[in-house]
Amino acid sequence: MAQAQDKNSQGTERFYLTTPIYYVNARPHLGHAYSTIVCDAIARRKRALGIDTWFLTGTDEHGQKIERSAKLAGRTPHEFATAISGEFRALWDQLGLTYDDFIRTTEDRHKRSVQHLFATLRDRGYIYKGSYTGQYCVFDELYVDGPPGTPCPDCGRITETVSEENYFFKLSAFEHRLLEFYEANPAFMQPESTRREVISFVRGGLKDLSVSRTSFSWGIPVPGDEKHVIYVWLDALANYITALGYGTENDEKFKKYWPADIHLIGKEISRFHCVYWPAFLMAAGIEPPRSVRANGWLLFDQGKMSKSRGNIVRAETVHAVLGSDALRYFLLREIPFGQDGNFSFDALVQRYNGDLANGYGNLVSRVVNMVHKYFGGVVQEPGGESAAETALRQSAQRTLSEFATQFDDLNFSDALKTLWALVAETDGYLTANAPWKKPADRSDADHVALQARVLATAAEAIRIITALVYPVLPDAAAKVWRQLGQGEIADAAKASFLTQLAWGGLKPGTRFADPAPLFPRAEKDAVERMVAMEEENSKSVIEAAGGPFAAQAQLAAAPAPIQEPKKKAEKKPMEETKPTPAPEAAPAYSVPAATSATPAAAPAAATTAPQAAPSSPAPAPEAQTASPQVITIDDFAKVELRVAQVLVAERIPKADKLLRLEVDLGYEKRQILAGIAQYYEPEKLIGRKIVIVANLAPRKMRGLESNGMLLAASLPPDGAPVLAGFLEDVPLGARLK
């Protein structure tokens with residue numbers, strides 16, 4: 001749901017959004033970058049719409065795990081946290097992210113405001129002293145429900161028993177107030193799955209929550225009782241107001257920007273942001289945030305991307321090989337916001353080549369070069385519109401409206417699909433009118449007029465596309481804006497250029513700058529280079545000695561106890577702002593035992609539709625029932641299975657068993673020959689989503705080249721194929737793992 005903005009004291013709209021603050025137990029990875037890139041794209045668009053925007057990010061630096069990690073590294077906790085916090089900030093700067101403030105929970109400004117909040121809650125009667133005994137996993141900063149010896153449901157390590165005096169927050173007093181708040185503010189929690197989960201949790205009953213610790217000292221002291229440190233969740237959540245100056249004399253930003261319009265978080269910390277945080281604020285007499293938007297998990301290497309799993313990818317690797325725009329585009333286009341999403345280097349390179357190099361980049365290059373070639377780099381008067389120009393203009397106008405609605409609803413993937421449909425239509429318009437080709441029956445004057453009209457129209461479409469895509473591809477958009485003779489796009493954004501964006505802004509007489517490459521096509525070794533960089537990075541971290549990351553390596557390498565196989569899929573966070581702890585005072589809140597993620601296995605009886613000669617005999621029955629040869633996961637990983645949709649299906653003359661299919665993989669179209677003509681009518685296959693082996697070497701049959709193979713089950717007794725498919729809606733090009 002699109003957000004409504006308040007007016008500030010000058011009558012200007014204002015917008016405040018935040019990332020989670022990231023826990024400094026390890027270097028940043030792609031999951032952290034995803035959340036921060038999403039916020040950056042939102043902030044860039046809001047500013048370009050003339051909205052006074054404040055974008056906050058930062059690091060969470062307290063807790064027992066950090067204290068122990070620092071000791072292993074031979075550093076103080078502050079030195080340890082400073083080193084890793086610096087890694088986050090350096091990466092955000094390297095990626096060109098436009099945050100307005102970077103909060104560290106070890107800063108004095110944060111400490112003073114947190115102590116003020118704690119004192120306010122205590123003075124208003126919502127905090128009291130008690131004690132807690134239970135199980136605790138230091139590795140994940142996680143309270144666990146169970147007897148001594150209970151393993152952590154997250155990492156499998158044996159928990160420690162802690163018994164200590166604590167302060168407690170009267171969370172139980174807010175059960176009905178929270179439910180009333182949710183009902184009055186239906187857009188507060190998104191996606192809907194988060195809303196349902198949180199409401200169910202609150203309706204199940206709330207118990208009071210421990211908000212201090214005494215068994216270690218690395219935290220913010222409780223005011224007036226310094227043997228206690230404020231528990232990390234009250235400490236960390238408060239960053240959203242402490243960064244604005246809450247509780248200090250310099251609270252102008254707090255008065256101006258609070259309440260936050262969007263807290264963008266990982267879905268694993270939804271309860272803390274949707275239950276505890278609004279309860280803390282209500283108890284302190286502060287208005288809750290307007291919305292909490294949870295993104296999904298990033299899946300990589302058959303599991304959730306996670307520091308404790310070790311299956312992380314660094315944003316620096318993608319930045320070094322393909323650039324930050326490629327990373328931004330892939331994450332926002334490939335992953336529907338709020339859902340889990342897959343990341344692979346193969347998919348990244350394919351999306352880069354298909355959408356950026358061959359799509360947008362190639363379109364810009366063609367038009368800018370032709371304007372230089374035919375008109376000395378100057379845009380001509382287009383003259384009257386033909387039906388083709390009218391159609392393209394109307395498409396661009398629809399795109400302006402649809403893109404805005406989808407993007408402002410955080411539906412980035414669909415917004416970019418909408419925009420790339422205009423890229424494809426513009427490219428098709430250019431190809432259909434072929435300004436580079438003069439038919440024999442066309443006069444020179446008519447041809448020049450056509451060139452002027454077509455190139456001016458295509459260039460105007462590119463201007464619209466570039467303005468809309470600026471929040472997603474800021475570097476490329478800046479280059480294109482200059483090539484179109486529009487100056488600096490950053491200056492245009494400061495002047496709220498999106499508020500005036502409409503067809504017809506590219507004026508005749510505009511002089512284009514020299515053409516410059518945008519997205520050079522990624523070569524075949526791009527994936528290998530990125531994989532090698534990640535392998536080298538993992539090796540260097542493990543071998544590092546003496547620095548803060550040596551402690552990380554030691555902790556990560558510590559063996560976890562062997563546990564019995566578990567039944568449900570473990571949900572590891574996409575970004576680990578902090579592992580999800582159970583409330584200290586209430587065993588009923590403890591996180592249920594999570595279990596290991598289990599990759600989907602290939603169907604045991606599956607076979608592929610034949611790509612060999614149609615006359616190849618079916619395997620003997622005994623061969624079909626024999627035990628299959630065991631393969632390694634590396635063997636399986638070599639087979640690239642992807643989702644495709646059948647666009648064309650037709651019989652091949654004089655080939656009774658073969659069908660010729662044209663399939664769409666989302667990033668490219670292919671021709672595949674399949675020996676299923678005896679079992680499937682061609683017209684009934686059109687529009688069907690299927691699975692293909694996408695990295696099979698091309699093969700010629702009946703004089704036609706087949707680029708891939710269908711996946712099907714082979715049914716006894718005659719081996720009749722049944723095509724693999726899906727019950728759910730699966731995006732084209734998605735890779736099966």
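Source: prediction; values computed, not measured. No hydrogens, no waters, no symmetry mates; every other heavy atom, side chains included, goes into these values.
By the side chain to side chain contact (heavy atoms under 4.5 Å, CB included) test, Thr120 pairs with His116, Arg124, Tyr246, Ala284, sequence neighbours left out. Looking at residues two or more places apart in sequence or on another chain, you find no salt bridge (charged side-chain N to carboxylate O under 4.0 Å, His left out) involving Glu67. Every residue meeting the side-chain hydrogen bond (donor to acceptor under 3.5 Å, both in side chains) condition with Lys227, not counting sequence neighbours, appears here in chain and number order: Glu165. By the side-chain hydrogen bond (donor to acceptor under 3.5 Å, both in side chains) test, Glu160 pairs with Arg68, sequence neighbours left out. Arg112 meets the salt bridge (charged side-chain N to carboxylate O under 4.0 Å, His left out) test with no other residue; sequence neighbours excluded. In this structure, Asp93 has no salt bridge (charged side-chain N to carboxylate O under 4.0 Å, His left out) partners at least two apart in sequence or on a different chain. Every residue two or more places apart in sequence or in another chain that forms a side chain to side chain contact (heavy atoms under 4.5 Å, CB included) with Thr76 is listed here: His78, Glu79. Gln406 is linked by a side-chain hydrogen bond (donor to acceptor under 3.5 Å, both in side chains) to Thr418, counting only residues two or more places apart in sequence or in another chain. Not counting sequence neighbours, Ser200 has no partner by the side-chain hydrogen bond (donor to acceptor under 3.5 Å, both in side chains) test. Qualifying side chain to side chain contact (heavy atoms under 4.5 Å, CB included) partners for Gln339, counting only residues two or more places apart in sequence or in other chains: Pro336.
Arg27 is listed as a side-chain neighbour of Glu87, based on a closest heavy-atom distance under 4.5 Å. When side chains are defined from C-beta on, Trp277 does not count as touching Pro288, because their heavy atoms never get closer than 4.5 Å.
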task = Starting from the C-alpha separation in whole Å, work towards a yes-or-no answer on salt bridge (charged side-chain N to carboxylate O under 4.0 Å, His left out) for Asp340 and Lys267.
result = CA-CA 10 Å; Asp340 296 347; Lys267 65 181 179 181; 2.9 Å; yes
Take Phe169 and Phe174 through the test side-chain contact (heavy atoms from CB on, under 4.5 Å) and record every step on the way to the result. CA-CA 11 Å; Phe169 173 72; Phe174 290 89; 3.7 Å; yes
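Side-chain atoms of Trp218 and Glu61 include no donor-acceptor pair closer than 3.5 Å. Thr18 and His263 share a donor-acceptor pair across their side chains, judged by distance under 3.5 Å alone. Inspection of the His110 and Asp235 side chains reveals an N or O donor paired with an N or O acceptor under 3.5 Å.
Here the rule is side chain to side chain contact (heavy atoms under 4.5 Å, CB included) with Asn25, and of Ile84, Ile66, Asp60 only Ile66 fits it.
The CZ atom of Arg328 sits 6.0 Å away from the CD1 atom of Ile37 when rounded to the nearest 0.5 Å. Rounded to the nearest 0.5 angstrom, Ile21 CD1 and Thr59 OG1 are separated by 7.0 Å. Between the CZ atom in Arg213 and the NE2 atom in His62 there is a gap of 14.0 Å [rounded to 0.5 Å].
The backbone N or O of Ser496 sits less than 3.5 Å from a side-chain atom of Thr499, completing a donor-acceptor pair. Formation of a donor-acceptor pair under 3.5 Å by the Tyr470 side chain with backbone atoms of Ala478 is not found in this model. Of the possible polar contacts, one joining the Asp100 side chain to the Phe55 backbone as a donor-acceptor pair under 3.5 Å is found.
Residues His273 and Tyr240 bring their aromatic ring centres within 6.0 Å. Under the 6.0 Å cut-off for aromatic ring centres, Trp481 and Phe497 qualify, their centroids lying closer than that.
For residues 187-206, the set of pairs meeting the salt bridge (Lys or Arg N to Asp or Glu O under 4.0 Å) definition, not counting sequence neighbours, comprises Glu197-Arg271.
Between Phe88 and Trp92, the ring planes are perpendicular. Angles over 60° get that label, and only those under 30° would be called parallel. Ring planes of Tyr257 and Tyr16: tilted class, angle from 30 to 60°. Using bins of under 30°, 30° to 60° and over 60° for the plane-to-plane angle, the ring pair Trp258/Phe254 lands in the parallel bin.
Enclosure of atom NZ in Lys129 by more than 12 non-hydrogen atoms of other residues, nucleotides or ligands within 6.0 angstrom is indicated. For Lys253, the NZ atom counts as loosely surrounded, since its 6.0 Å shell holds 12 or fewer non-hydrogen atoms of other residues, nucleotides or ligands.
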What side-chain donor-acceptor pairs closer than 3.5 Å can you find for residues 178-189, not counting sequence neighbours?
from	atom 1	to	atom 2	distance (Å)
Tyr182	OH	Cys274	O	2.5
Asn185	ND2	Phe181	O	2.9

